[in-house]
Chemist: 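Take this structure, written in structure tokens, and hold onto it; I'll ask about it next.
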Amino acid sequence: MKRVAFVFTHSPHGSASGREGLDALLAMSALTEEIGVFFVGDGVLQLLPQQQPDQILMRNYISTFGVLPLYDIDCCYLCETSVRQRGLNIDTNWVLDVELLVPEVWRSKLASYHSILSF
């Protein structure tokens, strides 16, 4: 079975990229069980709690990340360096249970997937 990775690299609400990636991720979960979700760069901002997108007239899709375990998507990774570079606390109560990894380990995990989709 093919292993598929979804990589989130963009901040939420500035474009439709994050929402489209999440929609694709949920759709792909019906086709394969071996899915990994990776957050790097501004993509780590996707998982910040207490966002208020309604203030800029955007739809709040962030809480949907929290239901990924219901779709048997349990392999979720956050780049620790990206978190630190953005001045975020690594002990943040993210909207999704993620494993914080240093870039070398993060890249190694990503390399184990057959297909990589970036959003």
Side-chain angles (χ1 to χ4, degrees):
M1 185 171 281
K2 277 204 145 196
R3 293 171 46 88
V4 181
F6 285 78
V7 181
F8 289 86
T9 62
H10 293 90
S11 60
H13 315 304
S15 71
S17 181
R19 188 178 66 248
E20 290 172 356
L22 183 56
D23 289 345
L25 173 58
L26 295 174
M28 182 64 73
S29 71
L31 303 174
T32 183
E33 294 178 6
E34 297 193 48
I35 295 176
V37 187
F38 296 79
F39 299 88
V40 66
D42 286 341
V44 301
L45 303 173
Q46 296 279 348
L47 300 181
L48 283 174
Q50 301 174 353
Q51 295 187 37
Q52 298 177 349
D54 54 316
Q55 298 295 317
I56 57 169
L57 305 176
M58 298 295 289
R59 186 176 131 229
N60 187 4
Y61 66 90
I62 299 301
S63 60
T64 307
F65 279 110
V67 302
L68 293 184
L70 297 176
Y71 288 82
D72 293 324
I73 301 171
D74 299 315
C75 298
C76 302
Y77 308 101
L78 194 62
C79 177
E80 183 177 335
T81 299
S82 295
V83 170
R84 292 184 190 281
Q85 286 175 337
R86 280 143 190 85
L88 302 173
N89 187 340
I90 61 170
D91 295 324
T92 296
N93 187 21
W94 308 102
V95 298
L96 174 66
D97 286 335
V98 290
E99 184 177 348
L100 267 81
L101 302 174
V102 295
E104 298 79 23
V105 176
W106 189 93
R107 282 190 294 272
S108 174
K109 290 250 188 214
L110 183 60
S112 72
Y113 288 83
H114 300 110
S115 299
I116 299 172
L117 303 170
S118 182
F119 294 92

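Computed from a predicted model, the values in this text were never measured in an experiment. Each residue takes its place number in the sequence, starting with 1.
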Chemist: Is there side-chain contact between Gln46 and Ser11, with at least one heavy-atom pair below 4.5 Å?
Modeler: no
Chemist: Determine whether Val105 and Phe8 fall in the same hydrophobic cluster, where Ile, Leu, Val, Met, Phe, Trp and Tyr are linked whenever their side-chain heavy atoms lie under 4.5 Å apart.
Modeler: no
Chemist: Would you kindly confirm whether Leu96 and Tyr71 end up in one hydrophobic cluster when ILVMFWY residues are joined by side chain heavy atoms under 4.5 Å apart?
Modeler: yes
Chemist: For His10 versus Ser17, what's the shortest heavy-atom pair and its separation?
Modeler: ND1-OG, 3.6 Å
Chemist: Would you say Gln51 and Tyr61 are linked by a side-chain donor-acceptor pair, where the criterion is simply a distance under 3.5 Å?
Modeler: no
Chemist: Using the side chain to side chain donor-acceptor pair (under 3.5 Å) rule, collect all pairs that involve residues 76-100, keeping only residues at least two apart or in two chains.
Modeler: Asp42-Arg86, Glu80-Arg84
Chemist: Which heavy atom of Trp106 sits nearest to which heavy atom of Leu78, and what is that distance?
Modeler: CD1-C, 4.0 Å
Chemist: Set out, in order, the CA-CA distance, both residues' side-chain angles and the distance that settles side-chain contact (heavy atoms from CB on, under 4.5 Å) for Leu48 and Val95, then state yes or no.
Modeler: CA-CA 6 Å; Leu48 283 174; Val95 298; over 6 Å; no
Chemist: For Tyr113, which residues count as a ring pair (Phe, Tyr, Trp, His ring centres under 6.0 Å) partner, sequence neighbours excluded?
Modeler: Phe38
Chemist: Of all heavy-atom pairs between His13 and Ile62, which one has the smallest distance, and what is that distance?
Modeler: NE2-CG1, 3.9 Å
Chemist: Shortest non-hydrogen contact from Ala5 to Leu110?
Modeler: CB-CD1, 3.6 Å
Chemist: Kindly state whether the ring of Phe6 and the ring of Phe39 have centres lying under 6.0 angstrom apart.
Modeler: no
Chemist: Taking the side chain as everything from C-beta on, heavy atoms only, tell me whether Leu68 gets closer than 4.5 Å to Leu26.
Modeler: yes
Chemist: Same cluster for Phe65 and Met28 if Ile/Leu/Val/Met/Phe/Trp/Tyr side chains link at under 4.5 Å?
Modeler: yes
Chemist: Val7 and Leu22: same hydrophobic cluster, using ILVMFWY side-chain contacts below 4.5 Å?
Modeler: no
Chemist: From Thr64 OG1 over to Leu70 CG, what is the distance, rounded to the nearest 0.5 angstrom?
Modeler: 11.0 Å
Chemist: Taking side chain as C-beta onward, heavy atoms only, is Lys109 less than 4.5 Å from Leu101?
Modeler: yes
Chemist: Can a donor-acceptor pair be found, under 3.5 Å and without considering hydrogens, that links the side chain of Thr9 to the backbone of Gly41?
Modeler: no
Chemist: Tell me whether Val44 shares a hydrophobic cluster with Leu25, the cluster being built from Ile, Leu, Val, Met, Phe, Trp, Tyr side chains joined at under 4.5 Å.
Modeler: yes
Chemist: Grab the two heavy atoms, one from Ile73 and one from Ser29, that are nearest each other, plus how far apart they are.
Modeler: CD1-CB, 3.8 Å
Chemist: With sequence neighbours excluded, tell me which residues meet salt bridge (charged side-chain N to carboxylate O under 4.0 Å, His left out) with Glu34.
Modeler: Arg3
Chemist: Counting only heavy atoms not in Glu104, do more than 12 sit closer than 6.0 Å to its CD atom?
Modeler: yes
